[in-house]
Amino acid sequence: MSSPPVLTTEAELKEALAPLWEAQRPLVFVPTMGDLHRGHLSLVELGARLGPVLVSIFVNPTQFGPNEDYDAYPRDLRHDLDLLEQIDGVEAVFAPDAATMYPPDDTTFVEVTGVGEPLEGEFRPGHLRGVTTIVAKLFLLVRPGVAVFGQKDAQQCLVVRRMVEDLRFPLRLVFGPTVREEDGLAMSSRNRYLDGEQRKRATVLVRALRRGREALEQGERRADVVEALMLDQLRREGAEVDYAAVRRVDDLSPLERVEGRVLLAIAARVGSARLIDNFCLQVDEGGVREAPLRDDNTFEAVASALR
Ligand code: AMP
């Protein structure tokens with residue numbers, strides 16, 4: 001196979017997408033910041049089962065804080081294209097430059113209050129606003145029928161979902177499951193920042209999540225106790241913790257008793273890498289089980305709605 005064409009301007013994008021907008025199957029959009037790994041590729045593969053896929057690769061400046069890793073963020077378009085070439089159904093890659101997405105006179109942002117305010121909203125001010133702004137701009141340019149996001153960034157999924165509902169974007173969202181390394185570490189472009197010793201320690205996020213889940217499985221229902229268990233594990237292994245939280249999935253609000261669809265969410269620094277991870281669980285009298293973030297955003301739900 002040959003690598004997918006790379007489009008950089010709005011004109012090129014429109015020309016390439018025009019026939020896809022008219023097609024029977026929906027145009028599927030997978031937005032990324034590049035440095036693709038198996039997590040991204042799983043979303044592309046999922047999307048390709050629903051329709052022709054457009055992948056965007058754009059390191060979005062507005063979602064990085066002033067002291068964050070925008071300049072250091074890994075960029076390797078050639079490598080990304082080699083990976084995408086191996087997946088059937090990738091029609092094109094949209095890789096605009098910053099001036100295309102943010103002309104110099106641009107002053108508009110899209111901000112989701114409520115679900116965008118706690119957790120990442122608190123610890124990375126402006127980050128989610130940068131995400132919703134670029135995603136809205138990309139949705140308007142690409143006009144997809146389906147867009148695919150990873151549950152690894154659970155709050156991002158929830159914020160984009162809120163935006164799609166509130167602004168009536170005519171598309172369906174699929175949230176794909178988190179792809180992990182063999183030892184459980186969630187795949188992330190930021191794992192590259194870890195040296196050998198830090199890489200081993202980085203599994204503490206998933207181990208803390210498992211500890212929280214185990215407590216729930218053993219019948220613990222006090223959210224503060226579950227949070228303290230996760231926090232304790234993270235701290236003991238030298239992670240610098242932003243949050244280790246148990247929240248309602250609906251709006252990410254705190255709860256006293258853990259019940260219903262809940263998110264165990266962690267953000268912590270290992271070395272210089274700030275990592276996030278989460279488990280989404282359904283907790284009720286029947287026990288504790290892994291659950292999708294939202295039932296109507298699973299691949300299966302969207303595939304069946306499109307039939
Ligand atoms: P990023 O390039 O980090 O902006 O991520 C692009 C998309 O890939 C987002 O929807 C992420 O949630 C998703 N993603 C990142 N890591 C993973 C992973 N380990 N498993 C599944 N999806 C992921």
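Note that the structure is a prediction, hence the values are computed from the model and not measured. Atoms within a ligand are numbered from 1 in the order they appear, just like the ligands themselves.
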task = Quick one: list whatever passes side-chain contact (heavy atoms from CB on, under 4.5 Å) with L255, sequence neighbours left out.
result = A223, V246, R248, V258, V262
task = Output all residues satisfying side chain to side chain donor-acceptor pair (under 3.5 Å) with R289, sequence neighbours left out; order by chain, then residue number.
result = none
message = So, applying side chain to side chain donor-acceptor pair (under 3.5 Å) with R78, which one of D76, D82, D80 is it?
response = D82
Residues which pass side-chain contact (heavy atoms from CB on, under 4.5 Å) with L7, listed by chain and number, not counting sequence neighbours = E12, L13, A16, L54, A92, F94
inquiry  = Is the terminal nitrogen or CZ of R294 (NZ for Lys, CZ for Arg) located under 6.0 angstrom from the six-membered ring centre of F175 and within 45° of that ring's axis?
reply    = no
inquiry  = Given a heavy-atom cut-off of 4.0 Å, could you list the residues near ligand 1 in chain and number order?
reply    = P31, T32, M33, H37, G39, H40, L43, Y73, F149, G150, K152, D153, Q156, P177, T178, V179, M187
ask   = Between F139 and R168, is there a cation-pi geometry (under 6.0 Å to ring centre, at most 45° from the normal)?
value = no
